[in-house]
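Okay, structure first, notes after.
If you read the sequence from its start, that first residue is 1, and numbering goes on from there.
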Amino acid sequence: MESLFRILIIVAFIGIIYYYAGPNAKQHDPLEGPNVVQQPILEEKDIVDSEQTLTRPIEGLSTYIGKQSKEILSTYGRPTRIDKTPFHYKWWVYHNQDGLKMFGIADDTVVQVYTNSPNMDVAPYEIGEMLGDIYRMTIIESEVTAQIDDNIYMFAMNDYDLHSRILVKFQDIFAQLYIDTETEKLIGVRFLDKETLVTHKPYEMQFIGEIINTPTPSSYHQKYIHQANVDQLLDLTNVFREQYGLQLLVSDPVIQELAMKNSENLFLRNATTQETEIEDISLKDRLTALDIQFKSASEITATTYIDVIEAMHGWLNSKEHRKVLLDEGFTHIGTGAYMDYYTQILITKNNRDLSGLQ
């Protein structure tokens with residue numbers, strides 16, 4: 001009996017050592033977006049439009065803003081998929097040999113377009129262009145205004161915005177220039193009309209007149225928005241990894257379910273009306289409970305970003321989150337989205353399986 005007792009103690013001791021010295025699973029603090037801001041109503045004399053308006057480009061993706069969706073169909077064919085959003089438009093997503101491009105369509109009209117592909121014409125800019133060159137060729141103001149009827153909206157960029165996500169006005173359209181702050185290169189461009197810009201409220205905003213708010217989606221509609229965000233997270237992650245010369249990640253449905261649940265729990269934990277205590281279980285324990293065999297794993301989260309595009313560029317410009325997204329050792333991924341909470345779980349499996357690569 002004494003010998004058996006000693007064996008049990010040894011086994012338990014070995015189990016403790018294995019747990020703490022076994023596969024590594026890291027969780028990173030949520031990255032909070034810059035979009036929760038006050039919106040004071042100003043007197044009309046407080047807004048002065050001193051901008052030198054740039055001429056709207058006559059070529060490239062920006063020329064589609066304001067055109068009918070049939071022109072997108074005639075040029076690029078049917079989209080890879082159509083994603084719902086909480087805003088007034090749907091995303092037409094094209095993901096093919098030319099790279100990733102997304103057109104925001106509202107009432108059969110193009111209201112915005114985003115791409116991070118060096119194969120796309122984003123005149124007057126180029127994907128991969130240096131920040132210094134952008135400043136030399138573009139008039140950049142720290143305050144940019146948009147007028148819709150009698151309403152005036154002024155967007156103010158802070159120092160970080162001016163080096164990472166610059167807003168430029170071209171007559172009746174706008175460009176958001178997403179900069180990789182580590183390389184100081186342009187890695188994404190979003191062109192959009194003024195109504196979409198005001199609806200997004202992506203910068204600190206002051207206004208005269210009426211604010212534009214988006215109706216809250218129904219719970220049925222919200223499910224499709226969550227799935228669309230999940231798909232976009234995977235698309236953008238692999239597109240950026242490919243551009244940085246890294247292996248694409250395999251989407252794992254079990255890890256995805258784990259990421260989805262994490263995003264939902266983050267929302268419930270931070271909801272002011274939530275009374276039920278949400279248990280905080282470590283990533284390692286969650287993976288172990290599902291019998292997921294892994295060598296290493298990391299979980300990154302983001303919240304209060306207006307959409308996946310903003311969240312992805314936020315992660316890339318955060319040193320600790322970027323390190324996870326661009327880790328060459330990871331093999332599989334699970335993406336999750338619930339309301340404005342985004343989760344990415346990246347793991348290195350013991351045996352790489354490419355069958356689920358999308």
With no hydrogens and no angle check, is any side-chain donor or acceptor of [X] less than 3.5 Å from a backbone partner on [Y]?
{"X": "Thr304", "Y": "Glu32", "result": "no"}
{"X": "Gln27", "Y": "Leu283", "result": "yes"}
{"X": "Ser318", "Y": "Gly314", "result": "no"}
{"X": "Trp92", "Y": "Ile72", "result": "no"}
{"X": "Asn158", "Y": "Tyr160", "result": "yes"}

Qualifying residue for side chain to side chain donor-acceptor pair (under 3.5 Å) with His28, from Glu320, Glu299, Lys323: Glu320
Matching residue for Thr237 among Gln344, Gln232, Glu242 - test: side chain to side chain donor-acceptor pair (under 3.5 Å): Gln344
Derivation and outcome, ring pair (Phe, Tyr, Trp, His ring centres under 6.0 Å), residues His200 and Tyr305: CA-CA 10 Å; His200 282 178; Tyr305 284 95; over 10 Å; no
If we only count heavy atoms from C-beta on, is the [X] to [Y] side-chain gap below 4.5 Å?
{"X": "Ile105", "Y": "Val111", "value": "no"}
{"X": "Leu249", "Y": "Arg241", "value": "yes"}
{"X": "Arg56", "Y": "Ile173", "value": "yes"}
{"X": "Leu266", "Y": "Thr303", "value": "no"}

Pair Asp108-Lys70, salt bridge (charged side-chain N to carboxylate O under 4.0 Å, His left out): steps then yes or no: CA-CA 8 Å; Asp108 288 327; Lys70 62 183 180 182; over 6 Å; no
Between Tyr153 and Gln147: side-chain donor-acceptor atoms closer than 3.5 Å: no
Donor-acceptor pair between Asn317 and Thr181 side chains, under 3.5 angstrom: yes
Test ring pair (Phe, Tyr, Trp, His ring centres under 6.0 Å) applied to Tyr89 and Trp91, step by step: CA-CA 7 Å; Tyr89 56 83; Trp91 278 121; 5.5 Å; yes
Has [X] got more than 12 heavy atoms of other residues, nucleotides or ligands less than 6.0 Å from its [atom1]?
{"X": "Gln227", "atom1": "CD", "answer": "yes"}
{"X": "Gln171", "atom1": "CD", "answer": "yes"}
{"X": "Gln68", "atom1": "CD", "answer": "yes"}

Name the orientation class of the two ring planes belonging to [X] and [Y] (parallel below 30°, tilted from 30 to 60°, perpendicular beyond 60°).
{"X": "Tyr114", "Y": "Tyr178", "value": "perpendicular"}
{"X": "Tyr224", "Y": "Tyr220", "value": "perpendicular"}
{"X": "Phe103", "Y": "Tyr76", "value": "tilted"}

Full working for salt bridge (charged side-chain N to carboxylate O under 4.0 Å, His left out) between Arg286 and Asp280: CA-CA 10 Å; Arg286 282 178 278 148; Asp280 187 9; 5.7 Å; no
Gap separating the CZ atom of Phe191 from the CG atom of Leu197, nearest 0.5 angstrom: 13.5 Å
Inter-residue atom distance Ile212.CD1 - Ile148.CD1, 0.5 Å rounding: 4.0 Å
Carboxylate-amine/guanidinium proximity below 4.0 Å for Lys90 and Asp83: no
Residues Asp327, Arg322; criterion salt bridge (charged side-chain N to carboxylate O under 4.0 Å, His left out); working and verdict: CA-CA 8 Å; Asp327 189 322; Arg322 176 194 186 94; over 6 Å; no
